[in-house]
Protein chains: 2
Amino acid sequence: MSRTVLVVEDEAPIREMLKFVLEQSGFNIIEAEDYDIAQAKLCEPYPDLILLDWMLPGGSGVQLAKSLKQHEFTRDIPVIMLTARGEEDDKIRGLDAGADDYITKPFSPKELVARIKAVMRRVTPTSNEEPIEFNGLKLEPVSHRVVAKDDPVDMGPTEFKLLHFFMTHPERVYSRELLLDNVWGTNVYVEDRTVDVHIRRLRKAISRHGHDAMIQTVRGAGYRFSAKL
Amino acid sequence: MSRTVLVVEDEAPIREMLKFVLEQSGFNIIEAEDYDIAQAKLCEPYPDLILLDWMLPGGSGVQLAKSLKQHEFTRDIPVIMLTARGEEDDKIRGLDAGADDYITKPFSPKELVARIKAVMRRVTPTSNEEPIEFNGLKLEPVSHRVVAKDDPVDMGPTEFKLLHFFMTHPERVYSRELLLDNVWGTNVYVEDRTVDVHIRRLRKAISRHGHDAMIQTVRGAGYRFSAKL
DNA sequence: GGGATATGTGACACTTTTATTAAAACGATT
DNA sequence: AATCGTTTTAATAAAAGTGTCACATATCCC
């Protein structure tokens, strides 16, 4: 899952450096050198985070941050501001204007990446993590574990995701292609029949107490998870 | 051991006064003037207590209290709210939202300090100092020791903190990054893989009676402490 | 029944992730 | 500044998971 970061920085060398460092760490980078360009580049691929130089010419860094927090579509994008050393006032005003974190300018790449990740982690809301149970087969997202009538069940990550998807979408047929989209993720190139193999592995994993019967083959259509046997 | 108090108060004079009084009494003070700054300052050194003005502009005091109680890592931090005289409704709502105590605004320094200490006394033992035991592996925060079936177990400080975190958050997967956040601290920048090494050392330390089985690898997700096999 | 089509299954070559180890870096203490 | 114990990094080994194939089995339709 590649995250996109919008870098708003007027000095080209620093911008290049940031781009390099972040791309090394697997982020997708969009660059902008001033307020207007940043505004323009905001729409298409929504950035997951904005790295904003506070000292843009004309003090437009603050302006941009405020404008971001005012608009509904950009309000939830976390902002990390870059400040020169010791400009405490700026830091305060920055946080005041809605920045999520700040980083003082002579910084290590490692620190930068760590802070970006930390902010992303903090911001990403915890999705539904309630345990799900059908016929004594329980899946607990928080502990990342499946339990069948109190016996822990062992399975691989893909099988876990597959089962998770099935249990959150029961009583409904999914074609192999749809399963690939939902469990593997969109635009992955994998054979349809690979699904069969993982279905097989999943069934085997939960077969001990007969729970494999809940994963049903619908000939010509795909697979279905059903609590009705 | 010096305790840290986060003071969230928008009016600067009052904030200064609180800071002065509390520092006189030997507390470490972090200041924040509004919701956002408070949020940002929450991570660095986890405060032992939060002194929160209920009447922050925009009613964000309530908001902050709720957000604190929702997030797992801040849930256990006690909150004392400051209210203006006679705002009974606020007191009720405050305690409802999870505040541990309240103080009405014209108050004496003595009262303030007394209440803070009282809350700390009340909260600290339950959340932090109680021995924890799973399957004969006992961790005593007070004596800072780990005992496995009556044999004392030797380990380094990081392993201790790691185990402590695991035992207070069992049956739950944590990614390496989250472990770094929680055990090492939010503003530390080390490699993910470092966690592996400490996991290894921790496992080795508690392996004598097979307790290492409770520290489970969840491939692709992180590690989990579980009393179940 | 028999051919055509769809699904089940085990094996294998290949990746990715984790475990383990050793050495370098660090930090407090003397 | 030298030492000791600990933490980090980096390099390598080991383990677990993945996707594909070939072939077995099942189902459908005429």
Side-chain angles (χ1 to χ4, degrees), chain A residues 1-2 24-26 108-111 113-114 144-146 152-166 173-181 183-185 187-207 212-225, chain B residues 144 146 153-166 173-185 187-207 212-225:
Chain A
M1 171 178 45
S2 168
Q24 284 297 313
S25 304
S108 72
K110 194 182 286 182
E111 180 182 359
V113 172
H144 213 275
R145 192 202 303 256
V146 177
V153 177
D154 204 41
M155 64 181 72
T158 307
E159 283 71 58
F160 184 85
K161 278 185 279 182
L162 186 55
L163 180 60
H164 192 322
F165 177 74
F166 271 137
V173 197
Y174 288 94
S175 68
R176 292 175 175 73
E177 287 176 357
L178 274 173
L179 287 173
L180 284 174
D181 279 356
V183 177
W184 276 252
N187 53 29
V188 266
Y189 86 106
V190 173
E191 283 292 318
D192 278 14
R193 296 298 313 277
T194 297
V195 174
D196 294 30
V197 178
H198 285 276
I199 289 280
R200 156 77 178 133
R201 288 173 182 155
L202 176 54
R203 279 175 172 158
K204 195 188 252 179
I206 62 175
S207 64
D212 53 326
M214 287 194 287
I215 294 181
Q216 302 166 353
T217 304
V218 181
R219 194 183 167 80
Y223 297 94
R224 169 182 58 206
F225 181 87
Chain B
H144 216 267
V146 177
V153 177
D154 202 40
M155 65 180 72
T158 305
E159 282 72 56
F160 183 86
K161 276 186 281 181
L162 186 56
L163 181 59
H164 189 298
F165 177 75
F166 270 136
V173 203
Y174 288 94
S175 68
R176 293 176 175 74
E177 289 181 347
L178 278 173
L179 288 172
L180 286 174
D181 278 358
N182 286 289
V183 178
W184 276 252
N187 287 16
V188 175
Y189 313 106
V190 289
E191 287 292 317
D192 280 12
R193 294 268 144 223
T194 299
V195 175
D196 295 30
V197 179
H198 287 274
I199 289 279
R200 154 92 172 113
R201 288 209 281 266
L202 176 54
R203 278 176 172 158
K204 194 186 251 179
I206 62 174
S207 64
D212 53 327
M214 288 195 289
I215 295 180
Q216 302 167 353
T217 302
V218 182
R219 185 168 243 265
Y223 297 95
R224 168 183 60 207
F225 181 89

Closest to the 5' end of DNA chain D, once Val195(A) and Pro157(A) are matched to their nearest nucleotides, is Pro157(A)
Review point. Given that Glu191(B) and Glu191(A) both sit by DNA chain D, which one's nearest nucleotide is further toward the 5' end?
Key: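 Looking at DNA chain D, the more 5' nearest nucleotide goes with Glu191(B).
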Which of Leu202(B), Val218(B), Leu179(B) passes side chain to side chain contact (heavy atoms under 4.5 Å, CB included) with Tyr223(B)? Answer is Leu179(B)
Would you kindly give the [atom1]-to-[atom2] distance between [X] and [N], to the nearest whole Å?
| X | N | atom1 | atom2 | answer |
| --- | --- | --- | --- | --- |
| Leu202(B) | dA19(C) | CG | C1' | 14 Å |
| Leu180(A) | dT20(D) | CG | C1' | 13 Å |
| Asp192(B) | dT17(C) | CG | P | 12 Å |
| Ile215(A) | dT9(C) | CD1 | P | 12 Å |
| Tyr174(B) | dT18(C) | OH | P | 18 Å |
| Leu162(B) | dT8(D) | CG | P | 11 Å |
| Ile199(B) | dT21(C) | CD1 | C1' | 17 Å |

Presence of [X] side-chain N/O under 4.0 Å of [N] phosphate oxygens OP1/OP2:
| X | N | value |
| --- | --- | --- |
| Thr158(A) | dG17(D) | no |
| His198(A) | dG17(D) | no |
| Arg193(B) | dT18(C) | yes |
| Thr194(B) | dT7(D) | no |
| Tyr189(A) | dT20(D) | no |
| Tyr223(B) | dA19(C) | yes |
| Trp184(B) | dT7(D) | no |

So Thr217(B), base contact, sugar-phosphate only, or nothing? Heavy-atom distance under 4.0 Å.
sugar-phosphate
- Query: Hey, does Arg176(A) reach any base, or is it just sugar-phosphate, or nothing, if we go heavy atoms under 4.0 Å?
  - Reply: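 It contacts sugar-phosphate atoms only.
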Closest non-hydrogen atoms of Ala205(B) and Met155(B), given as atom of the first, atom of the second and distance, are CB-CB, 4.2 Å
What one should report as the nearest heavy-atom pair of Leu180(A) and Val190(A) is CD1-O, 3.7 Å
ask   = Once the angle between the rings of Phe160(A) and His144(A) is folded into 0 to 90°, is it parallel (under 30°), tilted (30 to 60°) or perpendicular (over 60°)?
value =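 Ring orientation, 0 to 90° scale: parallel.
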Next item on the list: Decide if atom CD of Gln216(A) counts as having more than 12 heavy atoms of other residues, nucleotides or ligands within a radius under 6.0 Å.
Entry: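 Enclosed.
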Counting only distance, no hydrogens or angles, is the base of [N] paired donor-acceptor with the side chain of [X] under 3.5 Å?
| X | N | answer |
| --- | --- | --- |
| Arg201(A) | dG19(D) | yes |
| Arg200(A) | dT9(C) | no |
| Arg219(B) | dT18(C) | no |

Of all the nucleotides listed (dT21(C), dT7(C), dT18(C)), which has the minimum atom distance to the side chain of Val197(B)?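 Nucleotide nearest to Val197(B)'s side chain: dT21(C).
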Only residue of Glu159(B), Arg203(B), Lys161(B) satisfying side-chain hydrogen bond (donor to acceptor under 3.5 Å, both in side chains) with His198(B) is Glu159(B)
Whichever of Val218(A) and Lys204(A) has the more 5' nearest nucleotide on DNA chain C, that residue is Val218(A)
